[in-house]
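Working notes, beginning with the structure itself.
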Amino acid sequence: MSDEDARDAAGPEGVRLQKVLANAGVASRRVAEDMIVAGRVRVNGAVVTELGRRIDPETDLVDVDGTAVQLDQSKRYVVLNKPTGVVSSMNDDRGRPDLRRYTKDWPERLYNVGRLDADTSGLLVLTNDGELAHVLAHPSFGVTKVYIAKVEGRVTAQTIATLTRGFDLEDGPIRADKARLLSASNAGDGSLVELTLHSGRNRIVRRMMAAVGHPVVELVRRQFGPLHLGTLPVGRARELSKLERGALLTLSRRGAGDAAPTESQETE
């Protein structure tokens, strides 16, 4: 153990910031020191440039170049490509296939962030970080989701304009943040539409597309906030990369400063 390690281990005032960054996998201590001196590191929102700064990794929040650093190694972040036919529950009381089979490889008790209908496949986040789950799942925080919908009929440019302009459903007005036509059959027997939404209302994509005359045949969520499904096969789960964790935690910390929401969690 080096002299610095010994001082950090024994010091009640905390751990040196450069050591914390190195332990978190951000960079070596020497490079972390350069980052600190360059003003690239913030602790609890304030830029730190002195190398002697000590922090408490359990309570202090650190970011580098505006991206949050995960210091609490007890938190786990997993992305699942949920298949159709699986309900978004850790213990379904009706005996249907649930999410437990996809969390057995991790010792922590993981929970799903929001829900996807049994008939909807795609990106679902699993974590034991309750604060992050709250921010990601709640529609009032405005986290966007991107869906690919296979729908009946030939979708026109006018229909895409209607989706982005907005219209009324039985539970109030709705509009897509973005919408684009990916493909349409010349025979009129089907189209692919990409929708970006931050709404968390129940079965919102299916209801929107039905309202404009194009019921959904298949629905996949490809993106959730900063996370992308990528090439992850259906039915497979993986831990987030360091960059993905940083993007997710940055989003969570921004949302945590907002007023407490009152609406229900999102479901699609």
Side-chain angles (χ1 to χ4, degrees), residues 23-26 57-58 61 67-139 141 143-150 197 200 202-206 216 218-253 255-256 264-268:
N23 289 346
V26 174
E58 294 186 3
L61 301 179
T67 298
V69 177
Q70 181 188 358
L71 302 183
D72 186 350
Q73 298 303 312
S74 70
K75 296 295 191 293
R76 188 80 66 176
Y77 307 97
V78 172
V79 62
L80 165 69
N81 188 347
K82 187 191 84 66
T84 57
V86 175
V87 296
S88 294
S89 170
M90 288 299 171
N91 188 9
D92 183 61
D93 56 9
R94 294 166 56 185
R96 295 171 297 180
D98 56 36
L99 300 173
R100 285 176 293 177
R101 70 184 68 185
Y102 305 108
T103 63
K104 63 181 184 299
D105 292 336
W106 289 278
E108 297 85 2
R109 293 186 64 184
L110 302 180
Y111 300 92
N112 47 298
V113 178
R115 298 175 178 87
L116 289 175
D117 288 345
D119 293 337
T120 301
S121 63
L123 198 157
L124 192 63
V125 178
L126 308 172
T127 185
N128 59 347
D129 187 335
E131 183 176 281
L132 178 139
H134 174 67
V135 171
L136 285 184
H138 207 284
F141 292 114
V143 179
T144 58
K145 283 83 71 173
V146 178
Y147 300 89
I148 305 296
K150 181 180 179 180
L197 300 166
N202 187 43
R203 296 177 66 86
I204 191 62
V205 174
R206 295 179 186 276
V216 169
E218 296 178 18
L219 186 61
V220 181
R221 183 159 69 185
R222 296 291 308 176
Q223 185 176 342
F224 192 114
L227 305 180
H228 297 259
L229 197 57
T231 58
L232 184 65
V234 174
R236 297 290 298 274
R238 64 168 177 83
E239 286 196 60
L240 299 188
S241 68
K242 182 175 67 176
L243 290 176
E244 289 173 323
R245 292 196 306 271
L248 210 59
L249 289 169
T250 300
L251 182 64
S252 173
R253 292 178 188 177
S264 60
Q265 283 191 345
E266 61 89 22
T267 304
E268 178 48 64

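Taking CG of L99 as the start and CZ of R115 as the end, the distance is 10.5 Å to the nearest 0.5 Å. If you take CG on L71 and CG on L61, they are separated by 8.0 Å, rounding to the nearest 0.5 Å. Residue D98 holds its CG atom at 10.0 Å from OG of S88, rounded to the nearest 0.5 Å. Taken to the nearest 0.5 Å, the OH atom of Y102 stands 12.5 Å off from the CG atom of N112. In this structure, CG in L123 is found 8.0 Å from CG in L80, a value given to the nearest 0.5 Å. For the atom pair R203 CZ and L116 CG, the distance stands at 11.5 Å (nearest 0.5 Å).
Side-chain atoms of L124 and V79, non-hydrogen and from C-beta on, never get closer than 4.5 Å to each other. When side chains are defined from C-beta on, V146 does not count as touching R221, because their heavy atoms never get closer than 4.5 Å. Considering only heavy atoms from C-beta on, T120 comes within 4.5 Å of R206 through its side chain. The closest side-chain heavy-atom distance from R238 to V78 is not below 4.5 Å.
Side chain of D119 to main chain of L219: no donor-acceptor pair is present (N/O by atom type, distance under 3.5 Å, no hydrogens or angles). A donor-acceptor pair under 3.5 Å is formed between the side chain of T250 and the backbone N or O of G246.
Here the shortest heavy-atom pairing between P226 and L251 reads CD-CD2, 3.8 Å. Pairing each heavy atom of L110 with each of N128, the nearest pair is CD2-N, 3.9 Å. Considering every non-hydrogen atom in both R253 and A68, the closest pair reads NH1-CB, 3.3 Å. Across every non-hydrogen atom of E244 and L240, the tightest pair is OE1-CA, 3.3 Å.
Here Y77 pairs with D129 under the side-chain hydrogen bond (donor to acceptor under 3.5 Å, both in side chains) rule; sequence neighbours left out. Residues satisfying the side-chain hydrogen bond (donor to acceptor under 3.5 Å, both in side chains) criterion with R96, sequence neighbours excluded, are D92. Evaluation of the side-chain hydrogen bond (donor to acceptor under 3.5 Å, both in side chains) rule for N81 yields no partner, not counting sequence neighbours. With sequence neighbours left out, the side-chain hydrogen bond (donor to acceptor under 3.5 Å, both in side chains) criterion links R236 to no other residue. The side-chain contact (heavy atoms from CB on, under 4.5 Å) search around V220 returns S121, R222, L229, not counting sequence neighbours.
With V113 as the partner, the side chain to side chain contact (heavy atoms under 4.5 Å, CB included) test is satisfied by one option alone out of T127, V135, L248: T127.
Defined by atom type and a distance below 3.5 Å, a donor-acceptor pair is present between the side-chain atoms of Y111 and R109.
Counting heavy-atom neighbours within 6.0 Å of E58 CD, excluding the residue itself, gives a total of 12 or less.
Listed by first then second residue, pairs satisfying salt bridge (charged side-chain N to carboxylate O under 4.0 Å, His left out) with a partner in residues 71-87 read D72-K75, R76-E108, R76-E239, not counting sequence neighbours.
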